[in-house]
Asks: 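Have a look at this one before I ask anything.
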There are 2 protein chains.
Amino acid sequence: MTNAHPDRPSRTTYRHGDLHHALLTAGLELARDGGPAAVVLREATRRAGVSPSAAYRHFADRRALLEAVCSAAQSGLANAIQDALDQLPAANDRAAAARAHLRAVGAGYVAFARAEPNLFRTAFSPSENLERAESPARAGRSGMTPFQLLNAALDDLVEAGELPRERRAGAEFLAWSAVHGLAMLAIDGPLRGLGPAQIRGVTERLLDMVHHGL
Amino acid sequence: MTNAHPDRPSRTTYRHGDLHHALLTAGLELARDGGPAAVVLREATRRAGVSPSAAYRHFADRRALLEAVCSAAQSGLANAIQDALDQLPAANDRAAAARAHLRAVGAGYVAFARAEPNLFRTAFSPSENLERAESPARAGRSGMTPFQLLNAALDDLVEAGELPRERRAGAEFLAWSAVHGLAMLAIDGPLRGLGPAQIRGVTERLLDMVHHGL
DNA sequence: GCGGCAATGTTAACACTGTAAACATTGGCG
DNA sequence: CGCCAATGTTTACAGTGTTAACATTGCCGC
């Protein structure tokens, strides 16, 4: 069981063609079912049908690959949030729409953590990481990173008159803290055992807390 | 630099005496300056002045050692919270005291994360972990785990009439989510660069949010 | 007291990892 | 068309977790 993809079509050309992309894809696959610790250089090269050292032509070291995978995972998170936003019904009440907007961001965040716990863990694994929360590599199809999607929702809340402008600054950290913490509890913590409906319930309550407390 | 403790007093007896404890201590030291990934069996045995395989007489595998270290780290977190509680001035206002009680738990939590980021990361690293949030091994000098200290604070809040009893159930998850998330942002996230005073400020604001939103 | 057993450590080995240096191949540019 | 830079391979080394076979010795029952 050392090789999940024993004999890949075993390319005939000497050059691979798009090894960088192949390694990233393999790494993402490894992360999806194994978390950050499972993204291993040699296994990635194996799946790409290439010798171990070949990876060093495209990534400085294992850490560099892991960070690329991590960015891809954050991009997936951004898409999950976007999914939640897309399902938002068109509302005529501006204020209610803004509130729903913020809630959808939180709900999408937690939903992704539950659907892809290993990718979620990977997205937030390496230190020196979250710092660049706005790197384009972390963006989803909307072109925005999870952090930016959250900020947009908060801005919307202000413009809708639902959040006093003087409380806007820093609010993203409060909201993010709450949602991120909940996501962690939901996949690794005491909330792990709960079913989807219950998780949704706790999430709603937490979003209430954020809304009232912000 | 493969061995930080080159020639330990190199015991004369064949038996070590308390290898289990020595390994755990070494593991904790490794975790303190290197995080969960740095707690490595062979290095721990080296520091204990013992051969690599000896560890297997006391821990099933590396994971088992890591989990023991993790419990110890949580115990440290419990003590940090207790420190914050101990510094609480004796108040005569029951309600204010209960509010301060909860805030102290949150503040101690974040303070520990900032003071010992690697231990904090270790405390919450292995999956299958937070589940047993009440294991005695995770308790601090008060005999309570971080989770139990939080619950006690919330109970106090109810008894002081500051939290409606019907909103008590599950409140621990909301409060924990917020504080835990903030702690993560403060050590690995965008809040990493902030100074102690600024972190205290954000923490206060977050605790306001929790208090108003609970 | 003492003999043997079970607990504890040691040695040696295996399979795996990341990484570097020297070498091989080849696409494309002058 | 020939050469060079980019890309991939081979080989090697140090480090890791883990196991099996062996060594030592504290302690418990006779």
Side-chain angles (χ1 to χ4, degrees), chain A residues 1-27 29-31 34-70 122 125-126, chain B residues 1-27 29-31 34-70 122 125-126:
Chain A
M1 191 120 12
T2 59
N3 190 339
H5 295 232
D7 41 349
R8 182 65 50 126
S10 179
R11 98 206 104 97
T12 152
T13 63
Y14 186 79
R15 306 315 236 290
H16 175 284
D18 194 2
L19 186 51
H20 185 97
H21 179 256
L23 289 175
L24 206 155
T25 298
E29 192 175 339
L30 289 171
V39 25
V40 156
L41 260 188
R42 289 183 102 109
E43 177 61 22
T45 58
R46 233 170 273 137
R47 295 193 179 193
V50 106
S51 76
S53 324
Y56 290 87
R57 301 294 180 193
H58 301 271
F59 296 94
D61 52 11
R62 183 206 170 222
R63 183 146 202 92
L65 172 59
L66 180 54
E67 272 185 31
V69 170
C70 152
T122 305
S125 55
Chain B
M1 192 121 15
T2 59
N3 190 337
H5 295 234
D7 42 349
R8 181 66 49 129
S10 175
R11 97 206 104 95
T12 152
T13 62
Y14 186 79
R15 301 323 228 299
H16 175 283
D18 195 1
L19 185 51
H20 184 97
H21 179 256
L23 289 174
L24 206 155
T25 299
E29 193 175 338
L30 290 171
V39 25
V40 155
L41 262 186
R42 288 182 103 110
E43 179 61 22
T45 60
R46 233 170 271 136
R47 295 193 179 193
V50 108
S51 75
S53 326
Y56 290 86
R57 301 294 180 192
H58 301 273
F59 296 94
D61 53 12
R62 182 202 174 230
R63 182 148 203 89
L65 173 59
L66 181 55
E67 272 186 32
V69 170
C70 151
T122 304
S125 56

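Just so we're on the same page: letters track the sequence lines, and every chain starts at 1.
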Asks: Looking only at side-chain N and O atoms, does B/His58 come under 4.0 Å of OP1 or OP2 in C/dG9?
Replies: yes

Asks: By nearest atom, which of the nucleotides D/dG17, D/dG8, D/dT10 is closest to the A/Leu19 side chain?
Replies: D/dG8

Asks: A/His21 has an atom NE2; how far is it from atom P of D/dT7, in whole Å?
Replies: 16 Å

Asks: Can you tell me the distance, in whole Å, between the CZ atom of B/Phe59 and the C1' atom of D/dT18?
Replies: 16 Å

Asks: Among the nucleotides C/dT19, D/dT18, D/dT9, which one has an atom lying closest to any side-chain atom of A/Tyr56?
Replies: C/dT19

Asks: Which listed nucleotide (D/dT10, D/dG17, C/dT8) is nearest to the side chain of A/Pro52?
Replies: D/dT10

Asks: For the pair made of NE2 in A/His20 and P in D/dG8, what is the distance, rounded to whole Å?
Replies: 12 Å

Asks: Report the C-alpha distance between A/Glu43 and A/Leu30 in whole Å, list the side-chain angles of each, state the deciding distance to 0.1 Å, and finish with yes or no for side chain to side chain contact (heavy atoms under 4.5 Å, CB included).
Replies: CA-CA 9 Å; A/Glu43 177 61 22; A/Leu30 289 171; 3.7 Å; yes

Asks: Kindly say whether, by distance alone, the side chain of B/Arg42 makes a donor-acceptor pair under 3.5 Å with the base of D/dG15?
Replies: no

Asks: Please report the distance, rounded to the nearest Å, between CZ in A/Arg62 and P in C/dC16.
Replies: 17 Å

Asks: So, is A/Arg11 near the phosphate of D/dT9, with a side-chain N or O under 4.0 Å from OP1 or OP2?
Replies: yes

Asks: So which one's nearest nucleotide on DNA chain D is more toward 5', B/Val39 or B/Thr13?
Replies: B/Val39

Asks: Between P on C/dG18 and CG on A/Leu65, what's the gap in Å once rounded to a whole number?
Replies: 9 Å

Asks: Starting at CG of A/Leu66 and ending at C1' of C/dT17, how long is that distance when rounded to a whole Å?
Replies: 15 Å

Asks: In whole angstrom, give the distance that lies between atom CZ of B/Arg46 and atom P of D/dG15.
Replies: 8 Å

Asks: What does the list of N/O pairs under 3.5 Å between the protein and nucleotides 20-24 of chain D look like, with a distance for each?
Replies:
residue	atom	partner	partner atom	Å
D/dA23	N3	B/Tyr14	OH	2.8

Asks: How long is the span from the CZ atom in A/Arg46 to the OG atom in A/Ser51, to the nearest 0.5 Å?
Replies: 11.5 Å

Asks: If I take atom CG in residue A/Leu30 and atom C1' in nucleotide C/dG18, what distance separates them, rounded to the nearest angstrom?
Replies: 15 Å

Asks: Test your reading of the model: is there a side-chain donor-acceptor pair from A/Arg62 to the backbone of A/Val39, 3.5 Å cut-off?
Replies: yes

Asks: Choose from C/dG18, D/dT9, C/dT11 the nucleotide whose nearest atom is closest to any side-chain atom of A/Val40.
Replies: C/dG18

Asks: I need the minimum non-hydrogen distance between A/Thr122 and A/Val69, along with the two atoms involved.
Replies: CG2-CG1, 4.0 Å

Asks: Given side chains that start at C-beta, do those of A/Arg11 and A/Val50 come closer than 4.5 Å, heavy atoms only?
Replies: yes

Asks: Could you report the tightest heavy-atom contact between A/Ala44 and A/Leu65, atom names first, then the distance?
Replies: CB-CD2, 4.3 Å

Asks: Minimum heavy-atom separation for B/Ala55 and B/Thr45, please, with both atom names.
Replies: CB-CG2, 3.7 Å

